[in-house]
A.B. asks: 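The structure that follows is given in the form of structure tokens.
Proteins get letters first, then strands, A, B, ... in listed order; numbering begins at 1 in each.
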Amino acid sequence: MNELASKYDPSAVEEKWYAYWMEHRLFHSEPDNREPYTIVIPPPNVTGVLHMGHMLNNTIQDILVRRARMEGKNACWVPGTDHAAISTEAKVVAKLAAEGINKQDLSREQFLEHAWDWTHKYGGIILEQLRKLGASCDWERTAFTMDEQRSQSVIRVFCDLYEKGLIYRGVRMVNWDPVALTALSDEEVIYKEEQSKLYHLRYMVEGTDKYIVVATTRPETILGDTAVCVNPNDERYGWLKGKRVIVPMVGRSVPIIMDDYVEMDFGTGCLKVTPAHDVNDYMLGDKYNLPSIDIFNDNGTISEAGGMYVGMDRFDVRKQIMEDLKQADLIEKIEDYVNKVGHSERTDAVIEPKLSMQWFVKMESLARPALAAVEEGDISFVPAKFRNIYRHWMTSIKDWCISRQLWWGHQIPAWHLPEGGYVVAENEEQALLKAIEKTGNPELTLSDLRRDPDCLDTWFSSWLWPISLFNGILEPENEEFKYYYPTSDLVTAPDIIFFWVARMIMAGYEFAGKKPFGNVYFTGIVRDKKGRKMSKSLGNSPDPLDLIEKYGADGVRMGLMLAAPAGHDIMYDDSLCEQGRNFCNKIWNSFRLIKGWETAEIEQPQSARLAVEWFDARLASTVVEMNDLMSKFRISEALMAVYRLFWDEFSAWYLEVVKPGYGQPLDKTTYEATIHYFDMLLRLLHPFMPFITEELWQHLCERKDGESIMYARIPEDRQADEKLIADFDHLKEVVAGIRTVRKQKQIPQRDSLTLNVREGHDSRLDPIITKMGNISEISVISEKDPAAAGFIVGKVEYSIPLTDKVNVEEELAKLNKDLEYYTKFLAGVEKKLGNEKFVANAPEAVVAIERKKKSDAEEKLATIRAAIAALS
RNA sequence: GGGCGAUUAGCUCAGCUGGUUUAGAGCGUCUGCCUUACAAGCAGAGGGUCUGCGGUUCGAAUCCGUAAUCGCCCACCA
């Protein structure tokens, strides 16, 4: 091992150990009598590729899972992918289009064949990429939202909800995506602020030569106008009561209606009403029985019903109609205007509100227990602020539009009857039976029934994920489900709190009678240095696999985690990964040092004995700290704690103290303690940096085949010797003082020095001072030596005799600076103690602390004054 | 338009129920060092009136109010 390179090379190591873990099935979990720890992965899109968000999210999950495993729990991390209805279908459609094939020319079966081909070709790439990250998923359990078990679960749940009366079908105003050609749920619409125009159009009042002005952002929709509405209290328009106006260009005569929905202050106070293309207008249309003219085709072009511009795209029409209105002098004015426009989450197309027949889930009764669970703390959100967002959404929840006009997905299990109406059933046979029962017609055959063509929203399968992964829908009594469910922690991004988290909670209580998970950890969003969200279109996102290649998986994991407190967005910068990589290198080189030591049957040096004792305390205290932090999901702080333990305490102090002189052997006791500490450090680090820790742990001593650090136990809480830690901290300052003197006086480390100490010095750790400071002798002196360079640690004065190099002026300046500082400090403390109200009101302990501060400062000042006196 | 959150060193953040913090860390910066594990390193140094203003308190980065800036979520103002 002495020939180890001075730099850690992750690539070979990572591949080797991942294969080893897989070969020995170390990620696999089966129910047993240990306590279960379960995480279900937020399933990435089946044909997606890994991005920085996945890296962060899955690193956190892996840390939690690996740690739970090392705590002796039966840890199970279930991976899988989501069929991602709209986005996958869009990809397949685009791919076919590139080959000159039109989706419309294919049958449903033919299209699905292409879609499955695509899925098989690209599906699972992302899961392969997760392995590069070190994800310890139980791959034997890999699931897919459209595999047999998950599909059946979805159908079962649909039928169940239908039986309970929670699913209904009806014509409603929905969000229509004219590119994907499907309805969307409210959550799938992203509102973006856009710079647009407010067009003021003239509507002639029928039978007069007067006109009124109506303001609109969407002039093309005048083709579907069926009324103009004003506020009944608006004095400007009282005269319009009972009148009709002529829709410009179109020439249609429409009534004036009066409703206080209209804001008098906005625009002109006149609102054009287009019931087919605006949610509010739809409500007005409903209230006043207005006709509804659907002027758009599904793809956003003007339909026959529009009467003009038929076949033209909606945005082209907007330009054209403005031209034409201008020609006809029907435009009053055009203003700049900023408004919010809904876009499709998947295709980014501008959403068209559209009346159509869709399927819905009634949400109110589902929401009630789900809201209570989070309010009452049965499920905790980390950070807790997301409870507010959750509560708000849950208390104003609307019905969920679950049908999508797609082929890729779970087809709705409803069959339409020849005479109208439909039945809902789990399969064709049952559908037929129900159809016969419902119609009373025993002659019906399957060919008389027509299966509803729509598919279900992707999230209608994802919301079952924690249940369906363990087959809890189809076989609620099965052993696995009873063992693994409810799962422990869920790690996800906050942007899918409604899409997924809230709905999983609802599904958990509704279909399993229990919460789906105990804690939800919300990650931040990964942003670039300028704070912009990383995205493909901006091209500001590094390829995670390139990063792994460059910095090693452990380096990248560590880099991300260092900057990722829960719920905080992280500003990504390569320097984070560099820090991670450097740390790997530090660990690597510490190992090189230790493995390079020869041991011999010699007596343990005092310094080494003390260092071993001290590090034992230091380790114990960090373990307590880390356990506490991890229990609060303060993962980055826990990582920082072990980072500092390793680097600042173990490498910089412990190893330097016990390190034998050049070519010298080390005693066995110290060697074994060192190996033990290194082992413990590797264990603490393993959840964060799985590869390098496994590599070194395997080299640390003989291991059996199949043995792994993955199953080594994390050290448990233990009382630390705080006094020893404090004494050592004092020692560090003494050594730093010696180093400073060396630096100032340009004395090389190899020249040994004498250290003089005055009263108050505790000699217990002297052997370490001797070694670390290269001190040949520590002598207690009773009087200040004017020919020595001094420094004060705590209330003890130290000095190094340097007859020819000491400048008394400099020494005095140093002391006077200290004098000034502590005089001020003491004054502050005395002021506080002199305040009667403070002494009377503050708790005993706080006053005691101040008194201690006072006496310490006084002693220190006495030391300083004495030193000054001796020099003057 | 409602709600929520943030504002602490150049950057990213700790600082949990006010009191050993005249404020800490990591990174970066600066100054020395190729000292026999590591220059992806070592030894040091500098850097903040805790966004402003008011209040509560013996005591405020911490609690309250207010203003500003930023961010997020929700909402049917054409």
Side-chain angles (χ1 to χ4, degrees), chain A residues 4 6-8 173 191 198 214-218 221 229 261-263 265-274 278-284 337 339-340 353 383 385-390 392-393 396 494-495 497-498 525 529 531 551 555 562-565 567-573 575-576 578-597 632 634 636-637 640-641 643-644 651-652 655-656 659 661-663 736 739-740 742-744 746 748-750 821 824-825 828-829 832 835-843 845-850 852-853 856:
Chain A
L4 287 175
S6 71
K7 295 210 171 16
Y8 168 61
M173 184 65 82
Y191 288 90
L198 191 58
V214 172
T216 178
T217 51
R218 301 196 56 195
T221 61
C229 187
Y261 162 74
V262 176
E263 297 280 334
D265 304 338
F266 187 86
T268 59
C270 293
L271 172 71
K272 64 194 263 327
V273 183
T274 321
D278 184 278
V279 184
N280 307 300
D281 294 11
Y282 173 68
M283 295 187 325
L284 285 172
Y337 185 64
N339 66 343
K340 302 231 173 160
K385 67 178 177 185
F386 289 106
R387 279 168 51 171
N388 294 331
I389 293 169
Y390 179 81
H392 186 258
W393 191 71
S396 56
D495 52 351
I497 184 168
F498 308 134
I525 293 164
K529 243 180 144 176
Y551 300 105
L562 277 173
H568 263 280
D569 288 359
I570 93 161
M571 302 286 180
Y572 175 80
D573 185 76
S575 67
L576 293 167
E578 273 172 33
Q579 196 183 347
R581 179 201 58 184
N582 294 357
F583 185 46
C584 289
N585 208 234
K586 187 71 187 175
I587 299 169
W588 179 257
N589 277 295
S590 303
F591 179 76
R592 278 176 71 218
L593 174 69
I594 294 167
K595 287 310 268 191
W597 289 340
K632 295 171 182 158
R634 303 172 82 134
S636 49
E637 287 173 62
M640 187 49 79
Y643 173 82
R644 286 161 66 182
S651 294
L655 289 180
E656 291 299 334
K659 186 156 104 179
Y662 186 65
R739 283 173 179 159
T740 304
R742 282 183 185 279
K743 187 165 181 166
Q744 283 168 353
Q746 295 179 305
Q749 175 69 18
R750 63 179 169 274
Y821 180 89
K824 265 195 207 162
F825 180 79
V829 176
K832 212 169 188 181
N835 183 337
E836 279 171 39
K837 287 181 179 170
F838 170 71
V839 181
N841 294 326
V846 174
V847 179
I849 284 162
E850 290 303 314
K852 175 90 167 43
K853 270 187 187 171
D856 284 355

A.B. asks: Give one of base, sugar-phosphate or nothing for A/Y191, where a contact means two heavy atoms less than 4.0 Å apart.
C.D. replies: nothing
A.B. asks: Looking only at heavy atoms, which two atoms of A/P353 and A/R218 are closest? And how far apart?
C.D. replies: CD-NH1, 4.2 Å
A.B. asks: Give a yes or no on whether a donor-acceptor pair under 3.5 Å exists between the nucleobase atoms of B/C38, that is its base, and the side chain of A/K586.
C.D. replies: yes
A.B. asks: Identify the nucleotide, in any strand shown, that forms a Watson-Crick or G-U wobble pair with B/C72, with both distances under 3.5 Å; if there is none, say none.
C.D. replies: B/G3
A.B. asks: Taking B/A9 as the reference, what is the distance to B/A25 when you measure between their P atoms (whole Å, please)?
C.D. replies: 14 Å
A.B. asks: Show the numbers, then the answer: is there a side chain to side chain contact (heavy atoms under 4.5 Å, CB included) between A/K659 and A/W597?
C.D. replies: CA-CA 9 Å; A/K659 186 156 104 179; A/W597 289 340; 4.3 Å; yes
A.B. asks: Using the P atom on both, measure B/U35 against B/A43 and round to a whole Å.
C.D. replies: 14 Å
A.B. asks: What residue among A/D281, A/V214, A/N280 forms side chain to side chain contact (heavy atoms under 4.5 Å, CB included) with A/V273?
C.D. replies: A/D281
A.B. asks: Does a side-chain N or O of A/Y390 approach OP1 or OP2 of B/G3 to a distance below 4.0 Å, or not?
C.D. replies: no
A.B. asks: Can you check the A/I525 CD1 to B/C72 C1' distance for me, whole Å?
C.D. replies: 8 Å
A.B. asks: Return the pairing partner of B/G10 with a 3.5 Å limit on both distances, Watson-Crick or G-U wobble; otherwise return none.
C.D. replies: B/C27
A.B. asks: Work out how far the P atom of B/A6 is from that of B/C64, and round it to whole angstrom.
C.D. replies: 11 Å
A.B. asks: Is A/N388 touching bases, backbone alone, or none of the nucleic acid, heavy atoms closer than 4.0 Å?
C.D. replies: sugar-phosphate
A.B. asks: Touch check for A/E656, heavy atoms < 4.0 angstrom, all strands: base, sugar-phosphate only, or nothing?
C.D. replies: base
A.B. asks: Name the nucleic acid region contacted by A/S396, choosing base, sugar-phosphate or nothing; use a 4.0 angstrom heavy-atom cut-off, strictly under.
C.D. replies: nothing
A.B. asks: Considering only side-chain heavy atoms of A/R581, which listed nucleotide, B/A40, B/G44, B/C38, is closest?
C.D. replies: B/A40
A.B. asks: OP1 or OP2 of B/G2 versus the side-chain N and O atoms of A/H392: is any pair under 4.0 Å?
C.D. replies: no
A.B. asks: Taking B/C53 as the reference, what is the distance to B/G41 when you measure between their C1' atoms (whole Å, please)?
C.D. replies: 49 Å
A.B. asks: Are A/I594 and A/L655 close enough, and set up right, to give a side chain to side chain contact (heavy atoms under 4.5 Å, CB included), and what steps lead you there?
C.D. replies: CA-CA 8 Å; A/I594 294 167; A/L655 289 180; 4.1 Å; yes
A.B. asks: Taking any heavy-atom pair under 4.0 Å as a contact, classify A/S590: base, sugar-phosphate, or nothing.
C.D. replies: base
A.B. asks: Can you identify which nucleotide, out of B/A78, B/A37, B/C27, has its nearest atom closest to the A/R592 side chain?
C.D. replies: B/A37
A.B. asks: With respect to the side chain of A/E263, which nucleotide from B/C58, B/C16, B/C77 is positioned closest?
C.D. replies: B/C77
A.B. asks: Phosphate oxygens OP1/OP2 of B/G41: is one of them under 4.0 Å from a side-chain N or O of A/N582?
C.D. replies: yes
A.B. asks: Heavy atoms only, 4.0 Å cut-off, all strands: where does A/R742 land among base, sugar-phosphate and nothing?
C.D. replies: nothing
A.B. asks: Checking all strands, does A/F498 fall into the base, sugar-phosphate, or nothing category for heavy-atom contacts under 4.0 angstrom?
C.D. replies: sugar-phosphate
A.B. asks: Whom does B/U21 pair with, Watson-Crick or G-U wobble, provided both distances fall under 3.5 Å?
C.D. replies: none
A.B. asks: As a test of reading the structure: which of B/G19, B/C38, B/C74 is closest to the side chain of A/K340, going by heavy atoms?
C.D. replies: B/C74
A.B. asks: Heavy atoms only, 4.0 Å cut-off, all strands: where does A/R634 land among base, sugar-phosphate and nothing?
C.D. replies: sugar-phosphate
A.B. asks: Touch check for A/K659, heavy atoms < 4.0 angstrom, all strands: base, sugar-phosphate only, or nothing?
C.D. replies: base
A.B. asks: With C1' as the reference atom in both, quote the distance from B/U62 to B/C50 in angstrom, rounded to an integer.
C.D. replies: 10 Å
A.B. asks: State the pairing partner of B/A78; accept Watson-Crick or G-U wobble contacts with both distances under 3.5 Å, and report none otherwise.
C.D. replies: none
A.B. asks: Reckon A/R739 has a side-chain N or O less than 4.0 Å from the OP1 or OP2 of B/G44?
C.D. replies: yes
A.B. asks: Counting only N and O atoms by type, is there a donor-acceptor contact under 3.5 Å from the side chain of A/D278 to the main-chain atoms of A/T274?
C.D. replies: no
A.B. asks: Select base, sugar-phosphate, or nothing to describe what A/P494 touches, counting heavy atoms under 4.0 Å on all strands.
C.D. replies: nothing
A.B. asks: Report yes if at least one side-chain N or O of A/Y337 is closer than 4.0 Å to OP1 or OP2 of B/A78; otherwise report no.
C.D. replies: yes
A.B. asks: Considering every strand shown, what is the Watson-Crick or G-U wobble mate of B/A40 when both distances are under 3.5 Å?
C.D. replies: none
A.B. asks: Going by the angle between their ring planes, with limits at 30° and 60°, are A/W588 and A/F591 parallel, tilted or perpendicular?
C.D. replies: tilted
A.B. asks: Pick base, sugar-phosphate or nothing for A/L271, based on heavy-atom distances below 4.0 Å to the nucleic acid.
C.D. replies: base
A.B. asks: From the options B/U22, B/A37, B/G19, select the nucleotide whose nearest atom is closest to the side chain of A/A842.
C.D. replies: B/G19
A.B. asks: To the side chain of A/T217, which of B/A78, B/G5, B/A43 is closest?
C.D. replies: B/A78
A.B. asks: Please test A/K586 against A/N582 for side chain to side chain contact (heavy atoms under 4.5 Å, CB included), starting from the C-alpha separation and ending with a verdict.
C.D. replies: CA-CA 6 Å; A/K586 187 71 187 175; A/N582 294 357; over 6 Å; no
A.B. asks: Of the options B/G19, B/A43, B/U20, whose atoms approach the side-chain atoms of A/P843 most closely?
C.D. replies: B/G19
A.B. asks: Would you indicate which nucleotide in B/A14, B/C73, B/G26 comes nearest to any side-chain atom of A/M640?
C.D. replies: B/G26
A.B. asks: Rounded to the nearest angstrom, tell me the gap between atom CD in A/E850 and atom P in B/U21.
C.D. replies: 10 Å
A.B. asks: Please report, rounded to the nearest Å, how far the C1' atom of B/C13 is from the CE atom of A/M571.
C.D. replies: 11 Å
A.B. asks: Taking only the side-chain heavy atoms of A/K7 (C-beta and beyond), determine which of B/G44, B/A40, B/A25 contains the nearest atom.
C.D. replies: B/A40
A.B. asks: Over how many whole Å does the gap from A/L562 atom CG to B/A40 atom C1' extend?
C.D. replies: 15 Å
A.B. asks: With C1' as the reference atom in both, quote the distance from B/A14 to B/C33 in angstrom, rounded to an integer.
C.D. replies: 32 Å
A.B. asks: Please name the nucleotide paired to B/G65 by Watson-Crick or G-U wobble geometry with both distances under 3.5 Å, or report none.
C.D. replies: B/C53
A.B. asks: Using the ring of A/F838 (Phe, Tyr or Trp, six-membered ring only), decide whether A/K832 places NZ or CZ under 6.0 Å from its centre and within 45 degrees of its axis.
C.D. replies: yes
A.B. asks: Say you pick atom P in B/A45 and the same atom in B/G26; how far apart are they, in whole Å?
C.D. replies: 13 Å
A.B. asks: Using heavy atoms to find the nearest nucleotide of RNA chain B for A/A563 and A/I849 separately, return the residue whose nucleotide is more 5′.
C.D. replies: A/A563
A.B. asks: Expressed as a whole number of angstroms, how long is the span from A/N589:CG to B/C38:C1'?
C.D. replies: 3 Å
A.B. asks: With heavy atoms under 4.0 Å as the rule, sort A/Q579 into base, sugar-phosphate or nothing.
C.D. replies: sugar-phosphate
A.B. asks: Quick check on RNA chain B: between A/K852 and A/C270, whose nearest nucleotide comes earlier from the 5' end?
C.D. replies: A/K852
A.B. asks: Which part of the nucleic acid does A/F825 contact within heavy-atom distance under 4.0 Å: base, sugar-phosphate only, or nothing?
C.D. replies: base
A.B. asks: If I pick the C1' atom on B/G65 and the same atom on B/C76, what distance separates them, to the nearest angstrom?
C.D. replies: 35 Å
A.B. asks: Is there a side chain to side chain contact (heavy atoms under 4.5 Å, CB included) between A/L271 and A/Y261 once you walk through the steps?
C.D. replies: CA-CA 10 Å; A/L271 172 71; A/Y261 162 74; 3.6 Å; yes
A.B. asks: Determine the minimum heavy-atom distance between A/T216 and A/K272, stating which atoms define it.
C.D. replies: CB-CD, 3.6 Å
A.B. asks: Could you check whether A/A736 gets within reach of a base, just the sugar-phosphate, or nothing at all, counting any heavy atom under 4.0 Å?
C.D. replies: sugar-phosphate
